[in-house]
Engineer: 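Next up is a structure, given as structure tokens.
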Amino acid sequence: GKRLRAALAVLAGGAAGQITAGHIDLAVIVELIHLASLVHDDVMDRADTRRGTPTAAARWGPETAVLLGDCLFAHALKLCTRFDSNLISRRIAEAASDVVQGEILQTRRQYDLSLTEAEYRRLIGMKTGALFAVAAELGASLAGAAEPVVAAFREYGERLGLAYQIYDDCLDLVGTEQDTGKTLGTDLEKGKFTLPVLLRLAEAKDADVDRIRAVLLQGDLIQRCEFIAELHSTGCFRRAVAAIRDELAAAGALLDVVKSNVHVTALRRLLTAVDNHIGK
């Protein structure tokens, strides 16, 4: 996912018209906002590693890391003033607000066994989908695209963002830190219930319900590992993967709104890349 949102901003411009200097500024802005959110995430998750290196919080302490994240957010908004139109500033501010609100909602819903799949999708749509969506939307807008094209690119970004977040959530459960370069296994430990978990909760019956609730609320490491194996055996991971691929397919169809060119091809290859990461 490194610089994926920045790439979206530039590729959307080329796909919808022409890449300008404004697209480079936009790419920097969305990447700064993303980095700021990661710095804050690592503080809240007490994560030690990000991209194979110590996190800001691990290196300098949580207080400095929080201020660093704030500084990145502020600098991104400062760069928005380079644009003549206030549309860019307004949409970036709205997206940044959605990202932060999504994180707040996720924190407020920790250990909440009543969380539904629809609520989970709304939550990740805010914390992840919003920034993907605004990158693609404004990339097309800066290229002078008509509103229907801009709307299609906005939805393309949102669906790609949803697919990527569901994948990332699955990775937290079954990935390895060596492969991902970041601290994993924090979601279950901290009561962040993601799609495979919610699918299992929704289908559980009778005694299984109480057993699963006990594991999620009070289980130790061994019990959590056994529960993850259960997510495999009951097909919850398989259904989560199907949900990812549904979003990717819908995103690909939205690109039919413009004629094919090298940038459209690159946007389609982004979808393929995510699909390939999932494997079978």
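Please read these numbers as outputs of a predicted model, since none were measured by experiment.
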Engineer: Counting distance only, does the side-chain N/O of R224 pair as donor-acceptor with the main-chain N or O of G219 below 3.5 Å?
Structural biologist: yes
Engineer: State whether the number of non-hydrogen atoms from other residues, nucleotides or ligands found under 6.0 Å of L217 atom CG is greater than 12.
Structural biologist: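 Buried by this count: over 12 neighbours within 6.0 Å.
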Engineer: Taking side chain as C-beta onward, heavy atoms only, is D112 less than 4.5 Å from F193?
Structural biologist: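 With C-beta onward as the side chain, the pair stays apart.
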Engineer: What are the two closest heavy atoms between A143 and G13, and how far apart are they?
Structural biologist: CB-O, 3.5 Å
Engineer: Using the side-chain hydrogen bond (donor to acceptor under 3.5 Å, both in side chains) rule, collect all pairs that involve residues 131-142, keeping only residues at least two apart or in two chains.
Structural biologist: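 Checked against side-chain hydrogen bond (donor to acceptor under 3.5 Å, both in side chains) - neighbours excluded - the pairs reaching residues 131-142 are R91-E137, E137-R154.
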Engineer: Under the ring pair (Phe, Tyr, Trp, His ring centres under 6.0 Å) rule, what pairs show up with a residue in residues 212-263, not counting sequence neighbours?
Structural biologist: H232-F237
Engineer: Please give the remaining members of the hydrophobic cluster of M44, linking ILVMFWY side chains under 4.5 Å, ordered by chain and number.
Structural biologist: none
Engineer: Spell out, yes or no, whether L195 and I212 are grouped together once hydrophobic residues are joined by side-chain heavy atoms under 4.5 Å, including indirect joins.
Structural biologist: yes
Engineer: Under a 4.5 Å cut-off applied to non-hydrogen side-chain atoms, are L231 and L173 in contact?
Structural biologist: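 Yes. Closest side-chain heavy atoms under 4.5 Å.
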Engineer: What residues, two or more places apart in sequence or in another chain, satisfy side chain to side chain donor-acceptor pair (under 3.5 Å) together with D220?
Structural biologist: none
Engineer: If you measure from the Lys or Arg side-chain nitrogens to the Asp or Glu carboxylate oxygens, is any gap between D256 and R268 under 4.0 Å?
Structural biologist: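 Counted as a salt bridge, because a side-chain N and a carboxylate O are separated by less than 4.0 Å.
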Engineer: What verdict does the side chain to side chain contact (heavy atoms under 4.5 Å, CB included) test give for V197 and L216, after you've listed the backbone C-alpha separation in whole Å, the side-chain angles of each residue and the deciding distance to 0.1 Å?
Structural biologist: CA-CA 9 Å; V197 176; L216 294 176; 3.9 Å; yes
Engineer: To the nearest 0.5 Å, how far apart are CG in L113 and OH in Y111?
Structural biologist: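 Between atom CG of L113 and atom OH of Y111 there are 11.0 Å.
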Engineer: Looking only at atom types and distance, does a side-chain atom of D172 sit under 3.5 Å from a main-chain N or O of D187, one as donor and one as acceptor?
Structural biologist: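 Indeed, once roles are kept as given, a pair shorter than 3.5 Å links the two residues.
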Engineer: Can you measure from CG (L35) to OG (S37) and round to the nearest 0.5 angstrom?
Structural biologist: 7.5 Å
Engineer: With rounding to the nearest 0.5 angstrom, report the CD1 to OG1 distance, I166 to T194.
Structural biologist: 9.5 Å
Engineer: What closest approach, in Å, do V264 and K259 show between heavy atoms, and which atom pair accounts for it?
Structural biologist: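 In this case the closest contact between V264 and K259 is CG2-O, 3.6 Å.
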Engineer: Could you give the side-chain donor-acceptor pairs of residues 57-69 under 3.5 Å, partners two or more places apart or in another chain?
Structural biologist:
none

Engineer: Among all residues two or more places apart in sequence or in another chain, which pass the side chain to side chain donor-acceptor pair (under 3.5 Å) test with S97?
Structural biologist: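 Applying side chain to side chain donor-acceptor pair (under 3.5 Å) to S97 gives Q101.
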Engineer: Side-chain heavy atoms nearer than 4.5 Å, only ILVMFWY residues, links allowed to pass through others: does that put V10 and L131 together?
Structural biologist: no
Engineer: If two hydrophobic side chains count as joined below 4.5 Å and joins carry through other members, does L4 share a cluster with I124?
Structural biologist: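 Yes; tracing contacts between hydrophobic side chains, which count when under 4.5 Å, links both residues.
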Engineer: For the backbone of D42 and the side chain of T55, can you confirm whether one donor and one acceptor N or O come within less than 3.5 Å of each other?
Structural biologist: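 No; judged by distance alone, with no hydrogens or angles, the pair does not exist.
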Engineer: On a heavy-atom basis, which atom in T128 and which in G161 lie closest, and how many Å separate them?
Structural biologist: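 In this case the closest contact between T128 and G161 is CG2-O, 3.5 Å.
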Engineer: Can you name the nearest heavy-atom pair linking L199 to C236, along with the distance?
Structural biologist: CD1-O, 3.6 Å
Engineer: Q110 side chain to K190 main-chain N or O, any donor-acceptor pair under 3.5 Å?
Structural biologist: yes
Engineer: Does Q106 have any side chain to side chain donor-acceptor pair (under 3.5 Å) partners at least two apart in sequence or in another chain, and if so, which?
Structural biologist: K127
Engineer: With sequence neighbours excluded, what pairs up with E230 under the side chain to side chain donor-acceptor pair (under 3.5 Å) test?
Structural biologist: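 Checked E230 against side chain to side chain donor-acceptor pair (under 3.5 Å); matches are R200, R211.
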Engineer: Is the side chain of N261 donor-acceptor paired with the backbone N or O of G14 at a distance under 3.5 Å, no angle test?
Structural biologist: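 Yes: the side chain of N261 pairs with the backbone of G14.
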Engineer: With sequence neighbours left out, which residue pairs that include part of residues 113-124 fulfil the salt bridge (Lys or Arg N to Asp or Glu O under 4.0 Å) condition?
Structural biologist: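 Found R109-E119, E117-R121, R121-E247.
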Engineer: Name all pairs fulfilling the ring pair (Phe, Tyr, Trp, His ring centres under 6.0 Å) condition that reach into residues 118-158, sequence neighbours left out, sorted by first residue then second.
Structural biologist: none
Engineer: Sequence neighbours left out, cut at 3.5 Å: what donor-acceptor pairs do the side chains of residues 16-30 make with other protein atoms?
Structural biologist:
unit_1	atom_1	unit_2	atom_2	d
T20	OG1	G22	N	3.2
T20	OG1	H23	ND1	3.1
H23	ND1	T20	N	3.0
H23	NE2	G139	O	2.7
D25	OD1	R82	NH1	3.2

Engineer: Side chains of I92 and L138: closer than 4.5 Å at any heavy-atom pair?
Structural biologist: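 Result yes, sub-4.5 Å side-chain heavy-atom pair found.
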Engineer: According to salt bridge (charged side-chain N to carboxylate O under 4.0 Å, His left out), who are the partners of D206, at least two apart in sequence or on a separate chain?
Structural biologist: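 D206 satisfies salt bridge (charged side-chain N to carboxylate O under 4.0 Å, His left out) with no residue once adjacent residues are dropped.
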Engineer: Given L188 and I228, is the side chain to side chain contact (heavy atoms under 4.5 Å, CB included) satisfied, shown in steps?
Structural biologist: CA-CA 10 Å; L188 266 189; I228 290 172; 3.9 Å; yes
Engineer: Please determine whether residues V241 and L270 belong to a single hydrophobic cluster, defined as Ile, Leu, Val, Met, Phe, Trp and Tyr linked transitively by side-chain heavy-atom distances below 4.5 Å.
Structural biologist: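 Yes, V241 connects to L270 through the hydrophobic network.
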Engineer: First locate atom CG of L8, then atom CZ of R3, and finally report the distance between them rounded to the nearest 0.5 Å.
Structural biologist: 14.0 Å
Engineer: Is there a continuous path of hydrophobic side-chain contacts, each under 4.5 Å between heavy atoms, that joins F73 to V43?
Structural biologist: no
Engineer: Would you indicate whether D84, at its atom CG, is surrounded by more than 12 heavy atoms from other residues, nucleotides or ligands within a distance under 6.0 Å?
Structural biologist: no
Engineer: Under the side chain to side chain contact (heavy atoms under 4.5 Å, CB included) rule, what do I33 and L72 come out as? Steps first, then yes or no, please.
Structural biologist: CA-CA 7 Å; I33 292 173; L72 291 170; over 6 Å; no
Engineer: Report yes if the side chains of D275 and I244 come closer than 4.5 Å at any heavy-atom pair, otherwise no.
Structural biologist: no
Engineer: Tell me the closest heavy-atom pair linking V209 and A204, and the distance in Å.
Structural biologist: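 Taking V209 first and A204 second, the nearest heavy atoms are CG2-O, 3.4 Å.
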Engineer: Using every non-hydrogen atom in the two residues, find where P148 and V257 come nearest and quote the distance to one decimal.
Structural biologist: O-CG2, 4.5 Å
Engineer: Distance check, rounded to the nearest 0.5 Å: L171 atom CG versus H277 atom NE2?
Structural biologist: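 Spacing of CG (L171) from NE2 (H277) equals 9.5 Å.
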Engineer: How many angstroms lie between atom CG of L254 and atom CG of L271, to the nearest 0.5 angstrom?
Structural biologist: 9.5 Å
Engineer: Does the T81 side chain pair with the main chain of K78, one donor and one acceptor, at a distance under 3.5 Å?
Structural biologist: yes
